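What you are looking at is a predicted structure, and each value in this text was computed from that prediction instead of being measured. By convention in this document, chain letters (A, B, ...) are assigned in the order of the sequence lines, proteins followed by strands, and residues within each chain are numbered from 1.
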Number of protein chains: 2
Amino acid sequence: MGISKTEHFTEEQNELATLAKAIGHPARIAIIQHLIKVNSCICSDIVNELPLAQPTVSQHLKELKNAGLIKGNLEGNAICYCLDENGFEKIKNFFEIVNKHLENKNQCC
Amino acid sequence: MGISKTEHFTEEQNELATLAKAIGHPARIAIIQHLIKVNSCICSDIVNELPLAQPTVSQHLKELKNAGLIKGNLEGNAICYCLDENGFEKIKNFFEIVNKHLENKNQCC
DNA sequence: ATTTATTATCGTAATATTGCAATATAAATA
DNA sequence: TATTTATATTGCAATATTACGATAATAAAT
């Protein structure tokens with residue numbers, strides 16, 4: 001991105017944007033879907049699943065972790081990843097408000 | 001962004017990523033929130049609401065419209081924007097699956 | 001037809017993202 | 001301790017995003 005004027009927006013707006021942005025990449029969608037499928041797995045499993053090199057997958061995992069969408073536990077010499085409810089809970093509320101609005105009073109002009 | 005290897009991912013993964021990416025900016029979150037608040041409004045209203053210049057707002061509206069998250073109707077010499085259920089419906093399903101997973105079997109290793 | 005109001009587009013500078021090779025780090029095991 | 005396995009970090013090239021001034025396009029009103 002270019003210069004995003006985050007200081008002009010509310011904390012909530014910036015937080016929601018950060019979460020959505022973290023989800024907004026096909027590789028990270030694929031990672032989330034894989035974690036739903038297998039519940040938890042290590043990084044190298046995802047490297048085998050995705051058409052991306054190990055450093056790239058590691059970077060995507062880092063972004064998801066920073067956003068609070070996944071968490072990782074040390075398991076031997078590997079790190080076991082799974083979804084993190086914290087991040088998803090925050091967006092959930094936003095979409096609930098959106099959907100409530102759409103169910104009722106949405107008509108364009 | 002850099003080179004995103006969209007061709008290696010499923011259509012669904014790319015579509016979800018596109019939607020989330022469109023939401024993933026504080027200005028676009030603010031636009032969505034404003035549209036929920038007032039139901040529908042014209043571009044210049046949003047320009048007055050946000051700390052951004054008119055061309056920038058116009059660009060953000062275009063991105064939201066391309067993603068299917070808002071729609072615009074010609075109203076006099078202005079364009080009346082409101083939320084578009086099509087885009088939001090698609091993400092809704094994704095988050096429902098995520099939340100269903102998190103309610104049940106989420107434990108990290 | 002000209003003016004006014006509203007929105008879109010173009011061009012461009014600044015910055016962010018993506019992807020990966022090379023390399024570093026950390027834990028387990030021989 | 002050396003090796004293997006698993007993950008993270010660094011550095012960099014290619015590309016995308018953001019923001020806005022200048023300008024164009026469009027539609028109403030005068």
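Rounding to whole angstrom units, CD of residue B:E63 and C1' of C:dT9 are separated by 14 Å. The CG-P distance, from A:L50 to C:dG19, rounds to 10 Å in whole Å. Taking atom NE2 on A:H8 and atom P on D:dT18, their separation rounds to 16 Å, with Å as the unit. Distance CD1 (B:I70) to P (C:dT7): 12 Å, rounded to an integer number of Å. When rounded to the nearest whole Å, the span between NE2 of A:H60 and C1' of D:dT9 equals 16 Å. Between A:K65 atom NZ and D:dT9 atom C1' there is a gap of 14 Å when expressed in whole angstrom units.
Cluster membership check: A:V47 shares its hydrophobic cluster with A:L50, using side-chain heavy-atom separations under 4.5 Å among Ile, Leu, Val, Met, Phe, Trp and Tyr. No continuous path of ILVMFWY side-chain contacts below 4.5 Å connects A:I79 to A:I42, so the two sit in separate hydrophobic clusters.
Considering only the side chain of B:I42, C:dT6 comes nearest among C:dT9, D:dT7, C:dT6. Nearest nucleotide to the A:I79 side chain, out of D:dT7, C:dC20, D:dA19: D:dT7. If you check D:dT9, D:dT7, D:dC20 against the side chain of B:T56, the one that comes closest is D:dC20.
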(request) Treat primed atoms plus P, OP1 and OP2 as sugar-phosphate and everything else as base, then score nucleotides 21-30 of chain C 5' to 3': B for base contact with protein heavy atoms under 4.0 Å, S for sugar-phosphate contact only, - for none. (result) BB----BS--

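Judged as a side-chain hydrogen bond (donor to acceptor under 3.5 Å, both in side chains), and not counting sequence neighbours, B:Q54 has no contacts. Under the side-chain hydrogen bond (donor to acceptor under 3.5 Å, both in side chains) criterion, A:T10 pairs with A:Q13, not counting sequence neighbours. Looking at residues two or more places apart in sequence or on another chain, you find a ring pair (Phe, Tyr, Trp, His ring centres under 6.0 Å) between A:F95 and B:F95. Contacts of A:K90 classified as salt bridge (charged side-chain N to carboxylate O under 4.0 Å, His left out), with partners at least two apart in sequence or in another chain: A:E15.
For B:K62, a side-chain nitrogen or oxygen approaches OP1 or OP2 of C:dT9 to under 4.0 Å. For C:dT17, one of the phosphate oxygens OP1 or OP2 lies less than 4.0 angstrom from a side-chain nitrogen or oxygen of A:K21. Under 4.0 angstrom from either OP1 or OP2 of D:dA8 there lies at least one side-chain N or O belonging to A:Y81.
For residues 26-79 of chain B, every residue pair satisfying the ring pair (Phe, Tyr, Trp, His ring centres under 6.0 Å) rule, not counting sequence neighbours, is listed here: B:H25-B:H60.
Among the atoms of the strands shown, only primed sugar atoms or phosphate atoms (P, OP1, OP2) are found under 4.0 Å from some heavy atom of B:S44.
Both A:Q59 and B:L61 sit near DNA chain C, but only B:L61 has its closest nucleotide nearer the 5' end.
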